[in-house]
Amino acid sequence: MTTVRKRCLNLRLDLLTATKRPRLCPISDVAATYSQGIDLLSQHEILKVLGRGDGGTVNKVRNKQTLAVYALKIIRGDIKSSQELDILRRISSPRIVHCHQIFEKPSGEAQILMEYMDIGTLDTYRKSHGHLCEEVIADISRQVLKGLVYMRSKNILHHDIKPSNLLINEKMEVKIIADFGISKIVGSGTNHCNSFFGTYASMSPERFDTVKNSEYDVYAADAWSFGVTTMEVYVGYYPFLLQEEKTAYWLALMSAICGGEPPCLTNSSSTSQFKDFINCCLQKYPRMRWTASQLLLHPFVAEQDSV
Ligand SMILES: Nc1ncnc2c1ncn2[C@@H]1O[C@H](COP(=O)(O)OP(=O)(O)OP(=O)(O)O)[C@@H](O)[C@H]1O
């Protein structure tokens with residue numbers, strides 16, 4: 001059996017039907033407008049396909065009249081879509097990829113017109129730029145944490161924070177991708193941790209524990225995923241050492257996340273502040289883990305944001 005470092009991407013536990021959908025809270029403000037019966041695809045020229053996810057396809061498009069460039073996500077009608085749209089309607093933050101318009105077809109297809117993030121995902125940015133220094137990581141962290149704090153203020157869990165769900169534009173603004181087919185709106189009476197959507201690799205230990213997880217602050221899961229993301233972007237690989245098991249890969253991943261000690265920065269070139277910051281994110285027990293608001297006050301992030 002070889003020990004390997006392996007990124008587990010896009011693996012989803014197929015428990016959709018076994019999980020109760022959360023009750024929706026009243027929508028307090030509307031960020032995206034509804035396109036009044038106008039098919040957004042017909043108003044735009046497709047320039048290229050930016051990517052394909054579980055929920056649909058994202059295209060780079062240009063408005064035929066204004067020539068403005070956007071990202072247009074086309075979602076097949078499925079169980080995830082309506083909640084994704086509910087969440088999109090709740091959010092408006094400079095730290096979340098902005099959604100301009102939504103159009104729903106009677107067939108169930110939804111079209112979401114978003115701001116175009118020209119640099120791409122943090123994952124591709126890191127791969128093309130090689131090692132990112134602590135200063136850059138601190139700047140990225142600060143922006144993502146502000147996004148998480150905002151989401152919390154709207155009672156939204158992301159549940160899939162990872163490098164490929166963070167987008168960057170040429171101004172080096174980092175925004176959380178509106179991949180909210182996985183996210184949850186927190187209402188009462190629902191166990192939000194008892195949900196295995198999302199990428200295994202970014203899941204916090206308590207999300208694997210269906211017995212105890214209702215005892216914890218559900219938002220702690222996003223802080224953990226943020227910590228794993230930050231460490232991965234810095235060291236350049238997924239930070240858990242996994243025993244490769246051909247028959248039960250997800251069990252190996254679960255045992256690494258739940259059974260072992262959380263990863264930490266051991267290299268002498270990292271500052272003690274950064275090591276401590278990672279340590280605060282990757283606390284195995286959610287009650288010990290810092291919240292996004294607390295992490296924003298950590299010296300690793302706060303000292304460059306003191307104005
Ligand atoms: N606003 C945007 N600007 C630029 N590129 C985008 C934008 N939104 C998405 N993309 C690109 O499209 C890809 C697919 O995005 P999408 O949200 O559909 O799927 P995903 O998050 O990769 O997968 P899944 O939905 O299965 O989690 C992204 O990885 C990114 O490269």
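Basis for what follows: all heavy atoms, side chains included, without hydrogens, waters or symmetry-related copies. Atoms within a ligand are numbered from 1 in the order they appear, just like the ligands themselves. Values in this document were obtained by computation on a predicted structure and should not be read as measured data.
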Original post:
Heavy atom under 4.0 Å from ligand 1: found in T124's side chain, backbone, both, or neither?
Top reply: neither
**OP:** May I ask you to say whether E206 pairs ionically with R287, meaning some side-chain N is under 4.0 Å from a carboxylate O?
**Re:** no
**OP:** Tell me which part of M114 gets within contact of ligand 1: side chain, backbone, both or neither, using heavy atoms under 4.0 Å.
**Re:** side chain
Original post:
With a 4.5 Å heavy-atom cut-off, do Y125 and L166 have their side chains touching?
Top reply: no
**OP:** For ligand 1, note which part of T57 has a heavy atom under 4.0 Å away: side chain, backbone, both or neither.
**Re:** neither
**OP:** Return yes if some donor-acceptor pair links the side-chain N/O of S225 with the main-chain N/O of A221 below 3.5 Å, else return no.
**Re:** yes
**OP:** Could you give me the CA-CA distance, side-chain angles and deciding distance for I75 and Q111, then say whether side chain to side chain contact (heavy atoms under 4.5 Å, CB included) is met?
**Re:** CA-CA 6 Å; I75 307 179; Q111 302 171 357; over 6 Å; no
**OP:** Without swapping roles, check the side chain of E134 against the backbone of T271 for a donor-acceptor pair under 3.5 Å.
**Re:** yes
Subject >> Validation row: I168, L122 side chains within 4.5 angstrom (heavy atoms) >> reply: yes
Original post:
So is there a nitrogen or oxygen of K73 less than 3.5 Å from a nitrogen or oxygen in ligand 1?
Top reply: yes
**OP:** Find all atoms of ligand 1 within a distance of less than 4.0 Å from any non-hydrogen atom belonging to E115, and give their numbers and elements.
**Re:** 1 (N), 2 (C), 3 (N)
Subject >> Best match, V97, T121, V49: closest heavy atom to atom 31 (O) of ligand 1 >> reply: T121
Original post:
Are Q43 and N63 linked by a side-chain donor-acceptor pair shorter than 3.5 Å?
Top reply: no
Original post:
Hey, which atoms in ligand 1 end up nearer than 4.0 Å to a heavy atom of Y116?
Top reply: 3 (N), 4 (C)
Subject >> Enumerated ligand 1 atoms positioned under 4.0 Å from heavy atoms of L167 >> reply: 1 (N), 2 (C), 3 (N), 6 (C), 7 (C), 8 (N)
**OP:** Keeping the roles fixed (side chain from Y150, backbone from S92), state whether a donor-acceptor pair exists under 3.5 Å.
**Re:** yes
**OP:** Could you tell me which atoms of ligand 1, counted from 1 in the order shown, lie closer than 4.0 angstrom to a heavy atom of A71?
**Re:** 1 (N), 2 (C), 3 (N)
**OP:** Using a strict 4.0 Å cut-off to heavy atoms of I177, name the atoms of ligand 1 that fall inside it.
**Re:** 8 (N), 9 (C), 17 (O)
Original post:
Within the distance-only criterion (no hydrogens, no angle test), does the side chain of R289 pair as donor or acceptor with the backbone N or O of K284 below 3.5 angstrom?
Top reply: yes
Subject >> Within-cut-off N or O pair, M117 and ligand 1, under 3.5 Å >> reply: yes
Original post:
Any N or O of N165 that comes nearer than 3.5 Å to an N or O of ligand 1?
Top reply: yes
**OP:** Heavy-atom distances under 4.0 Å are what count here, so tell me which part of D118 touches ligand 1: side chain, backbone, both or neither.
**Re:** neither
